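Worksheet: one structure, shown below.
The shown structure was predicted, so the numbers you read here are calculated from the model rather than taken from an experiment. Quick note: numbers below take in every heavy atom, side chains included, and nothing from hydrogens, waters or symmetry partners.
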Amino acid sequence: QVQLVESGGGLVQPGGSLRLSCAASGLTLNTYMIGWFRQAPGKEREGVSCISSQGGVTTYADSVKGRFTISRDSAKNTVYLQMNSLKPEDTANYYCAARRSFCPTETTAGYWGQGTQVTVSS
């Protein structure tokens with residue numbers, strides 16, 4: 001059974017940092033492209049970042065560029081999202097998703113995690 005499990009969310013003050021993890025079981029992450037998404041209350045889920053299967057190519061939404069970094073550790077079968085300089089508008093439930101060959105989108109992701117909540121507030 002394939003599972004993606006996110007962790008690392010929590011409450012952080014503006015300007016703070018968090019590192020989210022997306023751990024996989026039942027599939028080998030380095031054969032998939034992995035995306036991070038987020039959904040704030042009352043808003044649609046949006047793509048945040050994506051990393052290629054070998055980690056050589058990364059993409060970011062304009063809203064997080066320069067603050068967030070996506071990476072992967074094949075030995076741990078885990079993808080990370082390092083989030084720095086967090087802002088209140090980053091508050092959302094964060095999800096990871098997997099898809100072969102292309103960055104996953106809302107409609108094309110093969111697998112989704114259950115999400116982890118990030119709250120940025122003083």
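Residues satisfying the side chain to side chain contact (heavy atoms under 4.5 Å, CB included) test with S101, not counting sequence neighbours, are none. For S17, the side chain to side chain contact (heavy atoms under 4.5 Å, CB included) criterion is met by Q82, N84, not counting sequence neighbours. By the side chain to side chain contact (heavy atoms under 4.5 Å, CB included) test, S7 pairs with S21, sequence neighbours left out. Checked against salt bridge (Lys or Arg N to Asp or Glu O under 4.0 Å), K43 has no partners two or more places apart in sequence or in another chain. The salt bridge (Lys or Arg N to Asp or Glu O under 4.0 Å) test applied to R99 returns no partner, not counting sequence neighbours.
Using a 4.5 Å heavy-atom cutoff, the side chains of L20 and V118 are in contact. Residues Q3 and L27 fail the side-chain proximity criterion, which asks for heavy atoms closer than 4.5 Å. Contact of the L29 side chain with the R72 side chain is registered, since non-hydrogen atoms from C-beta on lie closer than 4.5 Å. V79 has its side chain within reach of I51: a pair of non-hydrogen atoms, C-beta onward, lies under 4.5 Å apart. At a threshold of 4.5 Å between non-hydrogen side-chain atoms, the residues S63 and R38 count as touching.
Here the CD1 atom belonging to I70 is positioned 12.0 Å from the CE atom belonging to M83, to the nearest 0.5 angstrom.
No more than 12 heavy-atom neighbours from other residues, nucleotides or ligands sit within 6.0 angstrom of CD on E44.
Panel note: side chain E6, backbone Q114; a donor-acceptor pair is recorded below 3.5 Å. A donor-acceptor pair under 3.5 Å links the side-chain atoms of T105 to the main chain of T108, judged by distance alone. For T119 (side chain) and L11 (main-chain N/O), no donor-acceptor pair under 3.5 Å exists by modelled atom type. D90 contributes a side-chain N or O that, together with a main-chain N or O of K87, makes up a donor-acceptor pair within less than 3.5 Å. Between the side chain of N93 and the main chain of T116, a donor-acceptor pair closer than 3.5 Å is present.
Looking at every heavy atom in both residues, V48 comes nearest to V64 through O-CG2, 3.7 Å. Looking at every heavy atom in both residues, L4 comes nearest to A98 through CD1-N, 3.9 Å. When all heavy atoms of G35 and P104 are compared, the closest pair comes out as N-CG, 3.5 Å.
Pairs passing the disulfide (SG to SG under 2.5 Å) check and including a residue from residues 32-95, sequence neighbours excluded, read C50-C103. Within the structure, no pair that satisfies the ring pair (Phe, Tyr, Trp, His ring centres under 6.0 Å) test touches residues 48-92, not counting sequence neighbours. Applying the side-chain hydrogen bond (donor to acceptor under 3.5 Å, both in side chains) test to residues at least two apart or on different chains, the pairs with a partner in residues 23-36 are Y32-R100. Among residues at least two apart or in separate chains, disulfide (SG to SG under 2.5 Å) pairs with a member in residues 1-46 are C22-C96. Sorted by first and then second residue, the salt bridge (charged side-chain N to carboxylate O under 4.0 Å, His left out) pairs involving residues 105-115 (not counting sequence neighbours) are R45-E106.
The hydrophobic clustering, which links ILVMFWY residues whose side-chain heavy atoms are closer than 4.5 Å, places M33 and Y111 apart.
V5 belongs to no hydrophobic cluster, as no Ile, Leu, Val, Met, Phe, Trp or Tyr side chain comes under 4.5 Å of its own. The hydrophobic cluster containing W112, built from Ile/Leu/Val/Met/Phe/Trp/Tyr side-chain heavy atoms closer than 4.5 Å, also comprises F37, Y95.
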